[in-house]
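This report concerns only the one structure given below.
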Amino acid sequence: MKSFPAVFLILFLPAVANAQMAHRPVKVISFAELQQEMNIQDDTLRVFNFWATWCKPCVEEMPCFLEAGKTFAGQKVKLILVSLDFRKHIETRLIPFIEKNQISLPVWLLDAPDANAWIDRVSPQWSGSIPATLFVRNGERHFYETQFDCNELNEIIHQYLKL
């Protein structure tokens, strides 16, 4: 009987570790997958915030998106943090950043290294700098290439929910 806990741990822990790896806090997506989500035409406001862990203004505005996630929980708002970090930095930079900042919003890593091939498809107004945010609802797109403060972000979300 004394060996039961040891045998249990040897057999069970690898399964737990694999299950945790399957539920990583980052979803790696292609631009085609992102575009599919951006093209959904319904009354849910989708807010795509393009950011990176190495971008100071992006990190500074992150608490505003986290706050908005709580403020608009239960409403037809879907906030998605689209990371432009390198795929090779998921484990060393992105996941530690998510954990340190207790980010509960969906984080998608855009695995599309040739930004010139897709930036204009997000918005022709986008020069490529970040932070940048795209608001989509009922097929209408509104793009901002700026760092938001919390009041601005909440006002814009309220405004687009009324449309």
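- The other members of the hydrophobic cluster of L134, by chain and number, are I29, F31, L34, M38, F48, F50, W54, I80, V82, L84, W108, L110, W118, I119, V122, W126, I130, V136, F143 (side-chain heavy atoms under 4.5 Å, ILVMFWY only).
- D120 is linked by a side-chain hydrogen bond (donor to acceptor under 3.5 Å, both in side chains) to nothing, counting only residues two or more places apart in sequence or in another chain.
- Separation of atoms CG (N101) and CG (L66) is listed at 7.5 Å; rounding is to 0.5 Å.
- The closest side-chain heavy-atom distance from N49 to L79 is not below 4.5 Å.
- Between the CD atom of Q147 and the SG atom of C55 there is a distance of 8.0 Å, given to the nearest 0.5 Å.
- Considering only heavy atoms from C-beta on, D149 stays 4.5 Å or farther from E60 through its side chain.
- Listed by first and then second residue, the ring pair (Phe, Tyr, Trp, His ring centres under 6.0 Å) pairs involving residues 64-83 are F72-H158 (not counting sequence neighbours).
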Passes side-chain contact (heavy atoms from CB on, under 4.5 Å), L105 versus K70? Steps please.
CA-CA 9 Å; L105 296 173; K70 292 175 185 170; over 6 Å; no
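- Within a 6.0 Å radius of CD in Q35, more than 12 heavy atoms belonging to other residues, nucleotides or ligands are found.
- Under the side-chain contact (heavy atoms from CB on, under 4.5 Å) criterion, S30 pairs with A32, E33, sequence neighbours left out.
- Residues passing the side-chain hydrogen bond (donor to acceptor under 3.5 Å, both in side chains) test with T71: none are found, sequence neighbours excluded.
- Looking at Q75 and L45, their side chains never come closer than 4.5 Å, going by heavy atoms from C-beta outward.
- Note that OG1 of T44 and NZ of K78 are 8.5 Å apart. Values are rounded to the nearest 0.5 Å.
- Of all non-hydrogen atoms in E37 and R46, the two that sit nearest each other are OE2-NE, 3.0 Å.
- Side-chain contact between S83 and T53 is absent, with no heavy atoms from C-beta onward closer than 4.5 Å.
- Using a 4.5 Å heavy-atom cutoff, the side chains of L153 and Y144 are not in contact.
- F86 and F97 fall into different hydrophobic clusters, where Ile, Leu, Val, Met, Phe, Trp and Tyr are joined by side-chain heavy atoms under 4.5 Å apart, directly or via other members.
- Between M62 and L81 the shortest side-chain heavy-atom distance falls below 4.5 Å.
- To the nearest 0.5 Å, atom CD of residue E152 and atom CD of residue Q159 are 12.0 Å apart.
- Considering only heavy atoms from C-beta on, N138 stays 4.5 Å or farther from Q41 through its side chain.
- Of all the heavy atoms in G128 and E145, the pair that sits closest is N-OE2, 3.3 Å.
- The neighbour count for R93 CZ, taken as heavy atoms of other residues, nucleotides or ligands under 6.0 Å away, does not exceed 12.
- Considering only residues two or more places apart in sequence or on other chains, N151 meets the side-chain hydrogen bond (donor to acceptor under 3.5 Å, both in side chains) condition with none of them.
- The shortest side-chain heavy-atom distance between D85 and I90 does not fall under the 4.5 Å cut-off.
- A distance of 10.5 Å separates CD in Q125 from NE2 in H142, rounded to the nearest 0.5 Å.
- The structure places NZ of K56 at 13.5 Å from CD of E61, a figure rounded to the nearest 0.5 Å.
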